[in-house]
Amino acid sequence: MKIVQLILASSISMLIINNINAKYKLFKRMQSKINNFNEKRKRRLSFISYVVIILIYAIMQSSNMSFIIQGLIFGVLFSIRDICFGKDLDEYRRYES
């Protein structure tokens, strides 16, 4: 049951952050700076971001935090990471046409 709470809470927070970013473009400046990096640096930063998220999650596990709160934090961190290192919607539209 705890895993379901974690997944549900992280999914909800990811959905909320992605919808807010789609409407207000909060991370556009950060995306443009990351897009200016070369591919090697982007891959390195992407890997480091995964490591940092896993370390934060390990710290949350050791602090006996609620699974719902852990899921919310985990979802926010992953959605910010996906927004910053993911492709823009315009790039996806270019590939479709």
Side-chain angles (χ1 to χ4, degrees):
M1 185 64 179
K2 292 179 182 181
I3 274 297
V4 173
Q5 290 175 344
L6 181 77
I7 292 171
L8 189 61
S10 65
S11 299
I12 289 171
S13 65
M14 287 176 78
L15 183 67
I16 291 170
I17 295 294
N18 286 332
N19 285 338
I20 289 172
N21 185 56
K23 187 172 184 178
Y24 298 110
K25 305 285 185 199
L26 298 175
F27 300 101
K28 189 171 184 110
R29 185 179 298 166
M30 193 179 308
Q31 282 177 326
S32 65
K33 288 182 180 182
I34 290 174
N35 286 336
N36 290 335
F37 294 152
N38 60 17
E39 287 301 314
K40 184 177 180 182
R41 191 168 185 183
K42 281 184 194 178
R43 282 194 309 266
R44 189 177 299 148
L45 284 173
S46 178
F47 177 75
I48 290 170
S49 69
Y50 276 125
V51 171
V52 168
I53 290 172
I54 290 171
L55 286 174
I56 290 172
Y57 185 71
I59 292 169
M60 287 189 301
Q61 285 289 323
S62 66
S63 67
N64 295 327
M65 192 180 292
S66 164
F67 277 96
I68 295 173
I69 301 299
Q70 287 179 14
L72 292 172
I73 294 171
F74 199 57
V76 168
L77 292 174
F78 259 110
S79 64
I80 291 172
R81 191 219 160 272
D82 286 342
I83 290 168
C84 292
F85 289 101
K87 292 184 179 178
D88 292 334
L89 288 177
D90 295 333
E91 289 183 42
Y92 285 121
R93 288 185 189 127
R94 275 185 256 154
Y95 291 126
E96 288 177 358
S97 54

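In what follows, residues are counted from 1 in the order of the sequence shown. Predicted, not measured: the structure shown is a model, and the values here were computed from it.
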Point-to-point distance, once rounded to the nearest 0.5 Å, from CZ of Phe67 to CD of Gln5
8.0 Å
Verify same cluster id: Ile48, Phe74 (apolar side-chain graph, 4.5 Å)
yes
Grouping I, L, V, M, F, W and Y whenever their side-chain heavy atoms are under 4.5 Å apart, do Val52 and Phe37 come out in a common cluster?
no
Take a 6.0 Å sphere around NZ of Lys2 and say whether it holds more than 12 heavy atoms from other residues, nucleotides or ligands.
no
Same cluster for Tyr24 and Ile83 if Ile/Leu/Val/Met/Phe/Trp/Tyr side chains link at under 4.5 Å?
yes
As an exercise, state the distance from CG of Leu8 to CG of Leu72, rounded to the nearest 0.5 Å.
9.5 Å
Passes side-chain contact (heavy atoms from CB on, under 4.5 Å), Ile34 versus Arg41? Steps please.
CA-CA 9 Å; Ile34 290 174; Arg41 191 168 185 183; over 6 Å; no
First locate atom CD1 of Ile80, then atom CG of Asn18, and finally report the distance between them rounded to the nearest 0.5 Å.
10.0 Å
Nearest 0.5 angstrom please: Phe78 CZ to Ile17 CD1, how far?
14.5 Å
State, with a plain yes or no, whether a side-chain heavy atom of Met14 is found less than 4.5 Å away from one of Asp82.
yes
Atom CD1 in Ile73, atom CE in Met65: separation rounded to 0.5 Å?
4.5 Å
For Ser13 and Gly71, work out which heavy atoms get closest and say how close.
OG-O, 3.8 Å
Is a side-chain N or O of Ser49 found less than 3.5 angstrom from the main chain of Ser46, in a donor-acceptor match?
yes
Evaluate the criterion side-chain contact (heavy atoms from CB on, under 4.5 Å) for residue pair Gln61 and Tyr57; output intermediate values, then yes/no.
CA-CA 6 Å; Gln61 285 289 323; Tyr57 185 71; 2.8 Å; yes
Quick one: CG on Leu6 to CD1 on Ile69, what's the gap to the nearest 0.5 Å?
11.5 Å
Heavy atoms of Arg29 and Ser32 approach each other most closely as O-OG, 2.8 Å
Nearest heavy-atom contact between Met30 and Cys84 is SD-SG, 3.1 Å
Under 4.5 Å between side-chain heavy atoms, hopping through other hydrophobics if needed: is there a path connecting Ile53 to Ile16?
no
Can Ser10 and Gln70 be said to form a side-chain contact (heavy atoms from CB on, under 4.5 Å), step by step?
CA-CA 8 Å; Ser10 65; Gln70 287 179 14; over 6 Å; no
Please tell me whether Val76 and Ile56 are part of a single hydrophobic cluster in this structure, the criterion being side-chain heavy atoms less than 4.5 Å apart.
no
